[in-house]
Amino acid sequence: MPDGVTHLFIPGPTNVPEQVRQAMNVPMQDHRAPDFPELTLPLFASLKKIFQTETGRIFLYPASGTGAWEAAITNTLNRGDRVLMSRFGQFSHLWVDMAERLGLDVICVDVEWGTGVPVQAYQRHLEADPTIKAVFATHNETATGVTSDIAAVRQAMDAAGSDAMLYVDGVSSIGSIEFTQDAWGVDLAVAGSQKGLMNPPGLAVLGVSQKALAAAETATMQRCYFDFADMIASNDVGYFPYTPPTPLLHGLRAAVDMLLAEGLENVFERHFRLAEGVRRGVCALGLDLCATAPYWYSDTVSAVRVPDGVDGAEVCRIGYHRYRTSFGAGLNKVAGKVFRIGHLGHLNEVSCLAALASAEMALADAGADIELGAGVAAAQAYYRRALADRQDLPDLALLASAAPR
């Protein structure tokens with residue numbers, strides 16, 4: 001076997017910090033034990049800080065983010081309800097598909113892949129149709145590397161006089177880029193453990209407003225495993241209505257502690273800085289992003305358009321087998337046209353330089369006419385400037401004077 005590790009630069013699952021891995025290495029424990037709430041109740045409270053909600057509550061389901069999608073819909077809506085959605089990537093497409101399969105009357109606004117939520121079109125639909133019960137917005141479309149303006153969606157809803165609830169897919173944004181549930185008026189916010197929360201897959205996290213909790217009391221859509229009422233009855237005293245994945249809860253506790261210790265503003269700034277270095281590296285190679293304008297750029301994943309005659313899937317294959325690096329492949333409409341560099345979670349500047357170096361070699365081997373080293377050099381120059389004024393470097397003179405003689 002080759003030496004070293006396979007480098008993970010997909011947009012999820014992300015790298016798991018050593019602190020989190022060690023935290024999960026616990027003996028199996030009794031999830032009905034009298035002291036189990038000492039783990040769960042503070043964790044629910046800390047997750048509210050990550051979602052930036054004071055008035056809502058957090059649910060944790062043993063599931064992927066898709067489970068939280070389904071929980072959000074089935075607990076708060078009725079079959080036949082009219083809802084407004086948009087489709088501009090694989091994951092917004094899958095959310096539309098779920099809504100239709102669950103019996104909702106979906107108004108779907110299709111827009112160019114590489115753009116995001118069409119806020120003005122949303123406002124027009126809401127002004128024309130007061131029967132719309134819910135508005136869905138994918139905050140960060142992982143397939144195309146696009147981030148949408150959720151605050152603007154709420155403003156459009158308010159301007160239209162809509163009383164609809166706002167549902168947000170924050171799976172690849174929450175814990176990495178700015179997300180403020182209360183300030184943006186988000187009623188249901190979906191996240192997953194395997195992205196910015198730096199854990200293995202297996203926990204779906206759902207932030208729910210008081211308005212959504214009230215809707216759940218009269219919603220008639222069938223649900224069982226995801227029922228809010230069952231979760232509330234158990235969660236309020238620190239337990240779950242079924243067996244939870246306790247090692248993942250310990251891991252999530254450690255990851256949330258890391259995020260809060262760094263400070264959310266610093267977490268968001270770090271993700272911007274890392275992403276901007278990658279973007280400048282991509283530009284220096286003469287390549288474009290799938291996102292059509294800087295307004296849409298994601299700070300958690302960059303979908304890179306490959307040159308004509310180059311297969312994005314081949315870039316991923318070469319990167320994995322030859323250079324021990326995992327990149328994200330293009331999905332659906334952009335399959336073969338892009339490859340994706342995930343830069344979220346437990347990463348730093350040197351991590352992103354490694355991603356660019358491997359991407360350059362894989363691109364060249366796949367037939368792209370690029371200058372090896374150009375992308376890495378551009379990112380290096382940016383990172384050096386961005387970090388030059390940081391005040392967290394130790395005083396070398398002080399360290400030298402304190403060193404043993």
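What you are looking at is a predicted structure, and each value in this text was computed from that prediction instead of being measured.
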Chi angles and distances behind the salt bridge (Lys or Arg N to Asp or Glu O under 4.0 Å) call for Arg317, Glu314: CA-CA 5 Å; Arg317 188 190 69 81; Glu314 182 71 358; 2.7 Å; yes

Residues, nucleotides or ligands: over 12 heavy atoms within 6.0 Å of [X] [atom1]:
{"X": "Arg32", "atom1": "CZ", "answer": "yes"}
{"X": "Asn348", "atom1": "CG", "answer": "yes"}
{"X": "Gln29", "atom1": "CD", "answer": "yes"}
{"X": "Lys337", "atom1": "NZ", "answer": "no"}

Any side-chain heavy-atom pair of [X] and [Y] under 4.5 Å:
{"X": "Asn332", "Y": "Trp113", "value": "yes"}
{"X": "Thr138", "Y": "Phe88", "value": "yes"}
{"X": "Phe136", "Y": "Ile73", "value": "yes"}
{"X": "Tyr297", "Y": "Thr147", "value": "no"}
{"X": "Ile50", "Y": "Leu264", "value": "yes"}
{"X": "Ile177", "Y": "His139", "value": "yes"}
{"X": "Ile10", "Y": "Leu8", "value": "yes"}
{"X": "Val304", "Y": "Leu363", "value": "no"}

SB check [X] [Y] (cutoff 4.0 Å):
{"X": "Arg87", "Y": "Asp97", "answer": "no"}
{"X": "Lys48", "Y": "Asp182", "answer": "no"}
{"X": "Asp230", "Y": "Arg223", "answer": "no"}
{"X": "Asp236", "Y": "Arg57", "answer": "yes"}
{"X": "Glu18", "Y": "Arg21", "answer": "yes"}
{"X": "Arg273", "Y": "Glu276", "answer": "no"}

Determine, step by step, whether Trp69 and Tyr167 satisfy the ring-ring contact (aromatic ring centres under 6.0 Å, His included) criterion, reporting the C-alpha distance in whole Å, the side-chain angles of both residues, the deciding distance to 0.1 Å, and the verdict. CA-CA 9 Å; Trp69 280 358; Tyr167 297 61; over 10 Å; no

Could you tell me whether the side chains of [X] and [Y] share a donor-acceptor contact shorter than 3.5 Å?
{"X": "Ser46", "Y": "Arg253", "answer": "yes"}
{"X": "Asn140", "Y": "Ser172", "answer": "yes"}
{"X": "Glu141", "Y": "Ser92", "answer": "yes"}

So, does [X] use its side chain to make a donor-acceptor pair with the main chain of [Y] at under 3.5 Å?
{"X": "Arg340", "Y": "Gly330", "result": "no"}
{"X": "Glu360", "Y": "Gly373", "result": "yes"}
{"X": "Asn15", "Y": "Leu347", "result": "no"}
{"X": "Tyr122", "Y": "Ser86", "result": "yes"}
{"X": "Thr14", "Y": "Lys195", "result": "yes"}
{"X": "Tyr239", "Y": "Ala33", "result": "yes"}
{"X": "His343", "Y": "Asp299", "result": "yes"}
{"X": "Ser148", "Y": "Gly116", "result": "no"}
{"X": "Ser298", "Y": "Thr300", "result": "yes"}
{"X": "His271", "Y": "Gly345", "result": "yes"}

Compute the ring centroids of Tyr242 and Tyr225, then answer whether they are less than 6.0 Å apart. yes

Find the distance between [atom1] ([X]) and [atom2] ([Y]) and round it off to the nearest 0.5 Å.
{"X": "Leu252", "Y": "Asn199", "atom1": "CG", "atom2": "CG", "answer": "5.0 Å"}
{"X": "Asn235", "Y": "Ile58", "atom1": "CG", "atom2": "CD1", "answer": "10.5 Å"}
{"X": "Phe272", "Y": "Ser176", "atom1": "CZ", "atom2": "OG", "answer": "15.0 Å"}
{"X": "Thr180", "Y": "Ile174", "atom1": "OG1", "atom2": "CD1", "answer": "10.5 Å"}
{"X": "Arg154", "Y": "Asp149", "atom1": "CZ", "atom2": "CG", "answer": "13.0 Å"}

